[in-house]
Structure formats: structure tokens, C-alpha cells
Amino acid sequence: MFTFLVKRLFQALIVMFVISLVAFAIQDNLGDPLRELVGQSVSEEERQVLRDELGLNDPYMTKYTRFISNAVQGDLGTSYFFKKPAAEVILNKLQATLELVFGAALIIVFVSIPLGVFSAIHPKSAWTKLIMALSSFGISIPVFLTAIMLMYVFAIELNWLPSYGRGDTVNVLGWETGFLTKDGLLHLILPCISLASIMLPLFIRLVRSEMLEALSSEYVKFATAKGLAMNKIYYQHALKNTMLPVLTVGGVQIGTMVAYTILTETVFQWPGTGFLFLEAINRVDTPLITAYVIFVGLIFVVTNTIVDLLYGVVNPTVNITGKGA
Amino acid sequence: MSLLEVKNLRIEYPSRHGVHAAVKSLSFTIERGEIVGVVGESGAGKSTVGNGIIDLLSPPGVIASGEVFLEGEKVSGLSPQEMRKVRGSKIGFIFQDPMTSLNPLFTIERQLTETILANLDVTPQEAVSRALTLMEQVGIPEPHLRIKQYPHQFSGGMRQRVVIAIALSGEPDLIIADEPTTALDVSIQDQILKLIRDLCIKKNVGCMLVTHDMGVVSNVTDKVAVMYRGDLVEFGATQQVLGTPVHDYTRSLISAVPRSDIKLDRFPLVSYIEEAHEMEKLDVKTHWLGQSEDQRIYTGPLLNVENVSLRFITKDSFFESRREFVQASNNVSFQIQEGETFGLVGESGSGKSTIARVIAGLYPPDEGKVTFEGVDLTALKSEKERRPMRRQMQMVFQNPYTSMNPRMKIFDIIAEPIRFHKLAESEAQTRQIVHDLLDHVGLGRMAGVKYPHEFSGGQRQRISIARALATRPRLLICDEPTSALDVSVQAQILNLLKDLQDELNLTMLFISHDLPVIRQVCDRIGVMKQGQLLEIAPTEQLFTNPQHDYSKHLVSLMPEFKGLRNDLESA
């Protein structure tokens with residue numbers, strides 16, 4: 001277990017190192033920080049002096065070393081627009097984004113697993129055909145279109161649900177959550193559905209094909225020959241084996257969903273990191289862009305490591321203690 | 001009243017191309033305490049019978065007509081709910097591969113107790129104690145510890161014991177065992193068969209043993225049913241059917257079984273099987289195949305394996321002292337003379353295939369060297385230097401289903417090595433060579449335009465042999481070339497290899513776990529166990545007078561085929 005953790009941590013460090021290189025290269029080549037910092041009246045000579053003072057004329061490696069040593073201490077630079085540390089700005093907005101992703105993940109789990117399992121158990125049912133047809137339809141519609149259509153139908157025409165923003169939130173142990181107020185929950189519904197709509201068809205198909213594979217396996221046939229009830233075979237023997245690959249794919253997709261929030265958040269004016277990122281790009285707020293790239297990378301690395309650990313817990317044949325590699 | 005009575009059972013597989021009857025009008029009976037063997041080759045419908053009885057046919061298979069009675073009660077045509085009550089509690093089932101028939105994610109305890117609870121009216125505590133008793137009965141040591149483990153922590157033989165324990169756990173009256181020992185080693189096969197035999201007598205249950213192995217049939221069954229293409233061709237007491245077979249097919253089948261008692265020059269060909277047609281004779285002396293560009297001036301042993309050792313890491317660690325290894329090959333030395341067939345025999349994991357791969361250059365050895373015609377193969381540095389050596393050594397692999405690219409036509413599969421090594425002067429010559437090779441292995445040149453899936457296992461193995469011959473090799477390494485094949489097909493393939501060897505003066509390294517086959521094919525035999533070569537002896541000497549204890553053990557375990565062959569041959 002210890003070896004496994006050390007190994008994973010080491011890999012995570014390498015990944016983060018590469019991400020930081022990319023992120024820094026963006027920061028170093030995008031825009032001119034002085035243009036944001038000083039007014040029009042400052043002369044070119046004064047600008048040069050300022051550049052030297054700020055270390056902007058140092059060699060690339062010196063600048064990178066300075067950047068990384070600050071980053072390790074949690075300082076990712078100061079946002080030009082907010083005049084606050086970039087990390088702090090992102091952390092403030094991250095809560096909204098994580099709630100959005102969490103809501104969408106809940107929808108995916110509670111919709112894709114029952115539908116996928118049903119369509120695998122009853123492959124010839126008319127419902128299965130409907131599910132499969134809808135899922136291939138769903139996979140081909142872009143998120144922003146889903147989002148705009150949802151908004152049009154439920155917010156504008158029917159006026160059932162709010163169309164933008166987070167609504168009321170309450171502070172629980174320093175975390176602003178919309179899950180505990182009625183207004184907050186209503187505001188979550190449409191953004192979560194549209195974010196979930198990208199991954200949902202994929203997961204229905206994944207669950208279905210993994211379940212079909214489990215059902216055609218020898219151990220399911222043997223379980224039938226043992227005289228077990230079909231429900232037990234479906235929901236215990238086959239389902240547990242189905243969930244292993246779904247878990248792996250799911251872990252990777254959570255990271256992707258954080259990245260996808262850019263579209264959803266923009267359409268719904270959701271005050272999260274995706275929306276923030278888009279604004280940062282418009283304002284050429286390079287420290288904020290860099291910080292965002294590093295944060296998303298970190299989320300990817302963390303979720304994947306957690307998934308790998310969970311996989312070892314669920315699957316007894318994977319031995320994370322290092323025996324029998 | 002018989003325990004099981006099958007009356008005119010017919011099982012059909014409807015398809016777009018019409019209805020295929022896998023089993024045609026089958027009738028037989030099984031009594032309590034009796035083992036009935038159902039024997040036949042692949043496609044005979046023997047497994048379909050077992051699956052049909054407990055209604056586990058893979059779709060679209062259906063029981064078209066006929067009835068199955070268990071203790072006088074009809075069990076065919078029951079509703080799924082009624083059928084579920086028959087499964088487990090009245091009929092237990094043992095599948096072929098213990099590696100896949102247990103759920104990898106559940107403990108043995110869970111898989112045993114859920115079966116007991118589903119079939120018997122007991123409390124969970126009682127189920128656990130019954131499970132422990134069963135594990136003891138099937139010979140699993142330390143059941144208290146092992147019951148908490150997962151299937152992957154058990155060896156193949158131990159898993160099959162668990163499967164047997166599960167099959168018995170619902171206290172059934174009948175056990176259907178579908179090839180229960182095919183996936184296991186000889187010594188474990190023997191133990192498992194004895195176990196099934198003992199349990200049947202002790203618990204007074206009937207057993208239907210589906211197998212393709214005549215040795216198994218003659219050793220453990222009381223009665224035998226011989227099936228051919230869905231028909232029951234013969235049914236009766238084992239001694240009688242094997243000793244004085246009435247039907248032609250039974251005779252052919254029995255004669256194709258490799259004899260363990262005496263070495264024959266050739267296998268008697270099975271006349272009953274369509275696939276068996278003799279290959280066209282080629283005058284190899286004048287043919288391309290016989291004209292080697294290699295100059296043969298070297299007179300020593302063709303292949304010399306010297307002190308080869310190779311170990312694989314089983315537990316990796318950052319610290320060298322904490323790494324664990326398995327010694328796949330431990331100081332192995334042997335020589336093969338030109339034109340000789342050298343056999344390597346041993347159980348799975350004994351390192352036979354590892355040696356073959358070291359010789360073929362697929363694994364570099366940790367220590368020792370391999371010389372081919374005096375050239376040290378392990379000293380060759382670049383792929384360019386190795387290439388002419390690779391051409392002279394070719395392999396025939398065990399599984400003809402996976403050793404060919406399914407997207408390539410047969411013609412291209414065989415032509416590929418010729419093109420790669422630039423052995424032919426022109427494309428026209430390549431075509432001629434491939435066609436001759438296909439004729440020579442008995443497939444005919446028309447086979448070239450087809451894809452691998454259009455061929456049966458035996459035909460595919462012929463293609464593999466043709467492919468291996470296409471580089472005009474000096475040494476042919478055959479790694480279990482017939483263990484995936486039926487006996488009649490095995491006989492053909494072994495005959496083919498023998499003929500080719502005579503004509504082309506091929507040298508062969510023949511690897512097998514099957515002692516009778518080894519006895520028929522090889523000139524000298526090496527016995528391997530846990531990476532060590534224990535004994536090298538000429539074939540007859542090994543079988544009549546084995547020196548090493550392990551060789552004696554192996555020879556004694558060899559399933560003896562107790563057919564009355566003398567009658568057969570005189571008839």
C-alpha cells in the first residue's frame with residue numbers, strides 16, 4: 001500500500017511538473033503585464049526600468065524557477081483584474097463549479113446505471129431500443145444547444161425554473177452551497193442536466209456493454225446452474241463486475257466534466273471557474289489563466305489517483321500492496 | 001426407475017441459413033452411483049446435451065422435441081422458476097474452466113453459502129459450517145482460512161475443487177461435469193477424477209461426464225455414450241464399448257488415441273472423418289522446399305542449449321533485496337542433433353515454453369547460451385544479425401485460433417515470411433511456393449483466398465505448419481501443437497509433422513504435456529519440473545525405465561487407455 005502511494009505520488013508530481021511548464025509558457029508568452037499594470041503616460045524608459053525591477057527581463061529558466069517556487073508555496077501570482085491572489089480567486093469560484101459537477105455526476109450515476117443495466121438484461125425490449133436511440137441522439141447534440149433548449153423550454157416558455165445564476169446559498173463550514181436551499185436547488189437543475197447530457201449517453205452505452213459482457217461470462221452461467229435467483233445473478237454477480245470498468249472511466253470523465261463546465265457556466269451565467277476562465281481570457285488576465293490550468297490539472301490527477309485506490313479496494317485481484325504484479 | 005432418463009432429445013439451433021440440429025434424437029439413462037461418459041469430438045453435441053438437460057442452452061438453441069426425466073419426474077419444458085429449483089438442488093453442474101466459472105470479486109465463502117442458502121432450507125450459520133465441511137470433503141486444506149479468500153488466490157486444481165464443492169452444495173441427485181479436467185495438468189486431472197468418482201459413490205449420486213478424452217472415459221466411467229455429429233452412435237458398458245466397438249466411428253476414434261504403451265510408426269488414420277485426406281506428394285528433392293541455400297558443413301549438434309537460466313520478477317520492489325522471482329528456467333542444458341525430434345515434457349509452469357522462447361530469441365536468457373549450428377545466438381547484437389537465424393527456426397504455436405491475424409488471407413499469412421526474408425525471386429514464384437505448401441499440408445490451393453475463421457482448428461494448425469515451413473527452416477519448434485485439437489485431427493497433424501520431417505530432414509523441438517503424444521513423436525525426451533531439466537532419456541527408456549522420481553511419477557499418472565486394442569487391430 002505504501003509503495004503504491006509513493007509511486008502514485010511520484011507520478012502525480014511528474015504530471016504536475018509538465019502542466020506547470022505548459023502553464024508557465026502560456027503566461028510568459030501571452031500579453032504584456034506592464035500594459036495591465038501601468039497607464040498610457042508611462043514612457044518607454046520607465047517601462048524598461050520597471051521590467052528590470054519586476055524581473056521580466058530575466059532568463060526563462062530563472063523566471064520559471066521563481067514561478068515554481070512561488071507556486072509550491074501556494075502563490076500563483078496576482079490576478080490583474082481582481083487585484084487578488086489568483087489561487088484565492090479560483091478557490092472562491094471552485095465551490096460553485098464543484099457543486100455543478102457533483103450534481104451532474106449524481107444525475108449520470110442514477111440514470112445511466114439503471115438504464116444501462118435494464119437494456120442489457122432486456123436486449124430485445126422496445127424500451128431498450130428507445131434508450132439506445134435516444135442515447136445516440138443525445139451524444140450528437142452539443143452542450144450549448146442542449147443548454148439553450150432547456151433554458152427556452154423550462155425557464156422562458158414554462159417559467160418553472162430559473163435560467164441563470166446560483167440562487168440562494170448557505171454557508172456550511174466555509175463552503176457556500178446551493179444544495180441546502182430550495183432556490184439553490186432549483187437553480188442547479190438545468191445546468192446540471194445540460195452538463196450531464198454530454199456524458200450520459202456514453203455512460204449508458206458503457207454500462208450496457210460491460211453488463212452484457214458480464215452476463216455472457218462463465219461465472220454467470222455457473223451461477224445460473226447453481227440455482228440462484230436471476231435477480232441475485234443480475235444485481236450482485238454481474239453488476240459488481242460491470243462497475244469496475246465504469247469506475248475507471250468515470251474517474252477520468254470527472255476531470256473532463258470540470259473542463260466542460262466552461263460551456264455550461266457561460267450559457268447559465270454560473271459563477272464558477274469555467275465562466276471565470278472565459279472572462280480571464282477576454283481580459284488577458286494571464287496569472288488567472290495559468291492558475292486555472294494548474295487547478296484543472298490538479299483535479300485530474302487527484303481524481304485519477306482516488307479512482308485507482310478505490311479500484312484496488314473493490315477488485316480483490318488488483319493488489320495495491322505490490323504482491324503478484 | 002432410472003435416476004436420469006433422456007428420451008429422443010433433439011436440440012436445434014435455428015439460424016438464417018436454416019435449422020441446425022446439434023443433437024438428434026438422443027436417448028440414454030443414468031443410474032444412481034454411476035458415472036456415464038459422453039464422449040465425442042468437437043461439434044458432436046456432447047456439451048449441448050448437458051446444457052440442454054438443465055435448460056442452459058446458449059441462444060438461439062432450443063429443445064425441439066424429446067423429454068428428460070429425473071427420478072420419473074419430467075424436467076424438460078419447465079417454466080424458468082420451476083427450472084431454477086431443479087438447478088443446484090437436483091442437478092449440480094461442473095464447468096470446464098475453473099478459472100472463469102467462479103466470480104472473481106466474491107469470496108469462496110460467499111459463493112458457496114449463497115448456493116447452499118438458495119437450495120436448502122438452512123440458517124446462514126449452518127450454511128457456513130456446511131460450506132466448511134464440503135471444502136474438507138473435496139480436499140481443500142485449511143478450509144477455515146481458505147474460505148475467506150478470493151478465487152485468484154487458488155490454483156487451477158484447487159479452484160476446480162471449489163467448483164465441485166459448489167456443485168455438491170445443493171445436495172443434488174445428479175452431477176453433470178462438462179470437461180471437468182481439460183484445463184488441468186495430468187497429475188491434477190487424476191486427483192479430480194478420483195474425487196468425482198469417490199464422491200459419486202459415497203453420496204450415491206449419478207454423474208454425466210462429458211469429455212473428449214478416451215483415457216478419462218476408460219479410467220472412470222461405468223458406461224459410455226459415443227456421439228458423432230449430434231447422433232448417439234453407441235451406448236453401453238465402458239469395457240464393452242471400448243473393447244468391442246460396433247460402430248465404425250467408435251473404432252476410428254479409439255484407433256486415433258495416441259498409444260501410451262508402444263511407439264507406432266504412424267497413427268492409423270481416422271477414415272470416418274471427412275477432413276482426413278492424404279496430402280499430395282511432392283518431390284521435395286527437386287522442389288524449392290528441399291533446396292536450401294544453407295551450406296551444411298557444420299557437423300556438431302544442430303542446437304546446443306547450455307546452462308540457460310531465466311527468472312521473471314513476481315514481486316517488484318525498489319530495493320533489489322526485496323524483489324521476488326520465479327525461476328522459469330534453471331541451468332537447463334541439452335543438445336538436439338540434426339534430424340532428431342527432441343521432446344520436452346512437464347506440467348504447466350515447468351518452464352517448457354520458456355525454453356522454446358529463449359531458443360527462438362523471444363526472451364534473452366539471464367545466463368547461459370544457445371548455439372545454433374555453432375553460432376552463439378545470445379551473442380548476436382542486432383536484429384539484422386539475428387534475422388537469418390530466425391529464418392532457420394520457426395515456431396508452431398499451441399492455439400491455432402489466436403496465432404493468425406484474422407484480417408489476413410491465408411495466402412498472405414503464408415507468403416509473409418517468404419516476402420519478409422526475400423526468399424523468392426519473384427511474386428510468381430512466391431505464389432507457386434504458397435500453393436505447393438497448401439497442397440502439401442493437405443488443404444489445397446483454393447484455401448489461399450479464404451480467411452482464418454473459415455477453417456476448423458485442425459485446418460488452422462495445418463496453415464500454421466505451412467507458414468512455419470515457408471522459410472525453409474532447419475529447426476521447427478512445436479509448442480503444444482495438438483493440445484487444442486481433437487484426437488482424430490491430432491493424429492493427422494502428428495502424421496503430417498512426421499512426414500515432413502522425413503522428407504525435409506527437419507529437426508524438431510516438440511513440447512507437450514501429453515505423454516502418449518510425446519511417446520509417439522519423439523526420439524529423445526527431456527523431463528522438466530519447476531524450471532529444471534530433471535532427466536534426458538531416449539523415448540523407450542524413459543517410458544519403460546524412468547530414472548528420476550518425478551519421471552516415474554509422471555509415467556505412472558499417464559491415463560491408461562484400457563481398450564482391447566488387439567481385437568481391434570485383428571478385426
Side-chain angles (χ1 to χ4, degrees), chain A residues 1-11 120-124 210-247 310-325, chain B residues 50-51 53-56 58-59 80-81 83-107 110-112 114-120 149-153 163 166-167 169-170 172 176 178 312-319 322-324 326:
Chain A
M1 184 75 185
F2 180 72
T3 331
F4 178 80
L5 272 181
V6 169
K7 220 186 251 172
R8 288 310 310 233
L9 203 65
F10 185 65
Q11 288 169 356
I121 296 176
H122 309 282
K124 285 183 180 158
E210 291 300 332
M211 185 78 178
L212 280 174
E213 199 180 314
L215 287 179
S216 65
S217 69
E218 281 281 302
Y219 57 79
V220 162
K221 201 176 166 195
F222 186 59
T224 321
K226 293 199 295 194
L228 294 189
M230 284 324 276
N231 281 344
K232 211 165 184 182
I233 296 170
Y234 291 148
Y235 301 115
Q236 292 180 10
H237 281 264
L239 189 59
K240 197 169 178 191
N241 281 283
T242 303
M243 290 329 289
L244 287 183
V246 176
L247 185 69
L310 274 180
Y311 193 85
V313 173
V314 185
N315 187 353
T317 57
V318 174
N319 204 335
I320 51 179
T321 51
K323 267 183 273 173
Chain B
N51 289 334
I53 290 172
I54 59 165
D55 196 19
L56 271 183
S58 52
Q81 283 74 26
M83 197 64 220
R84 187 168 73 72
K85 293 192 184 110
V86 174
R87 292 185 197 130
S89 58
K90 296 210 170 104
I91 302 176
F93 212 101
I94 300 168
F95 283 105
Q96 174 173 0
D97 191 353
M99 296 294 174
T100 54
S101 48
L102 295 172
N103 190 329
L105 301 185
F106 293 146
T107 59
R110 165 130 193 223
Q111 302 196 41
L112 261 167
E114 70 178 4
T115 321
I116 297 171
L117 291 170
N119 293 309
L120 303 174
Q149 293 183 334
Y150 289 92
H152 71 275
Q153 289 161 300
V163 170
I166 291 174
S169 64
I176 300 175
D178 190 354
F312 295 114
I313 295 173
T314 51
K315 181 185 171 181
D316 205 359
S317 170
F318 183 73
F319 305 102
R322 288 183 58 187
R323 281 180 205 159
E324 284 170 19
V326 59

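Lettering follows sequence order; numbering is per chain, from 1. Every value quoted in this text rests on a predicted model; they were computed, and no experiment measured them.
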Next item on the list: Among residues two or more places apart or on two chains, list those pairs meeting salt bridge (Lys or Arg N to Asp or Glu O under 4.0 Å) that have a residue in residues 219-246 of chain A.
Entry: A:Lys226-B:Glu114
Check: Of the backbone (N, CA, C, O) and the side chain (C-beta and beyond), which part of B:Ile176 lies under 4.5 Å from a heavy atom of chain A, both, or neither?
Finding: neither
Check: Looking only at heavy atoms, what is the nearest atom pair of A:Tyr219 and B:Leu102, with distance?
Finding: CB-C, 3.6 Å
Notebook entry, point to check: Do you know which two heavy atoms are closest between A:Gly227 and B:Ala118, and how far apart they sit?
Noted result: O-CB, 4.0 Å
Next item on the list: Go through the atoms of B:Asn119 and report whether side chain, backbone, both or neither lie under 4.5 Å from a heavy atom of chain A.
Entry: side chain
Item checked: Over 12 foreign heavy atoms within 6.0 Å of CD, A:Glu213 -> no
Checklist line | Proximal component of B:Gln111, with respect to chain A [non-hydrogen, under 4.5 Å] | finding: both
Checklist line | Heavy-atom pair with the smallest gap, counting every atom of A:Phe222 and B:Phe93 | finding: CE1-O, 3.1 Å
Next item on the list: Only counting residues at least two apart or in another chain, list the ones meeting side chain to side chain contact (heavy atoms under 4.5 Å, CB included) with B:Met83.
Entry: B:Ile54, B:Asp55, B:Leu78, B:Val86, B:Arg87
Next item on the list: Taking all non-hydrogen atoms of both residues into account, name the closest pair between A:Leu228 and B:Arg84 and its distance.
Entry: O-CD, 3.2 Å
Next item on the list: Against chain B, label A:Thr224 side chain, backbone, both or neither, depending on which of its atoms sit under 4.5 Å from a heavy atom there.
Entry: both
Margin query: For the CG atom of A:Asn241 and the CZ atom of B:Phe106, what is their distance to the nearest 0.5 Å?
Written below: 7.0 Å
Note to self: Can you tell me which of A:Ala223, A:Ala229, A:Ala214 forms the most heavy-atom pairs within a distance under 4.5 Å of chain B?
What the structure shows: A:Ala229
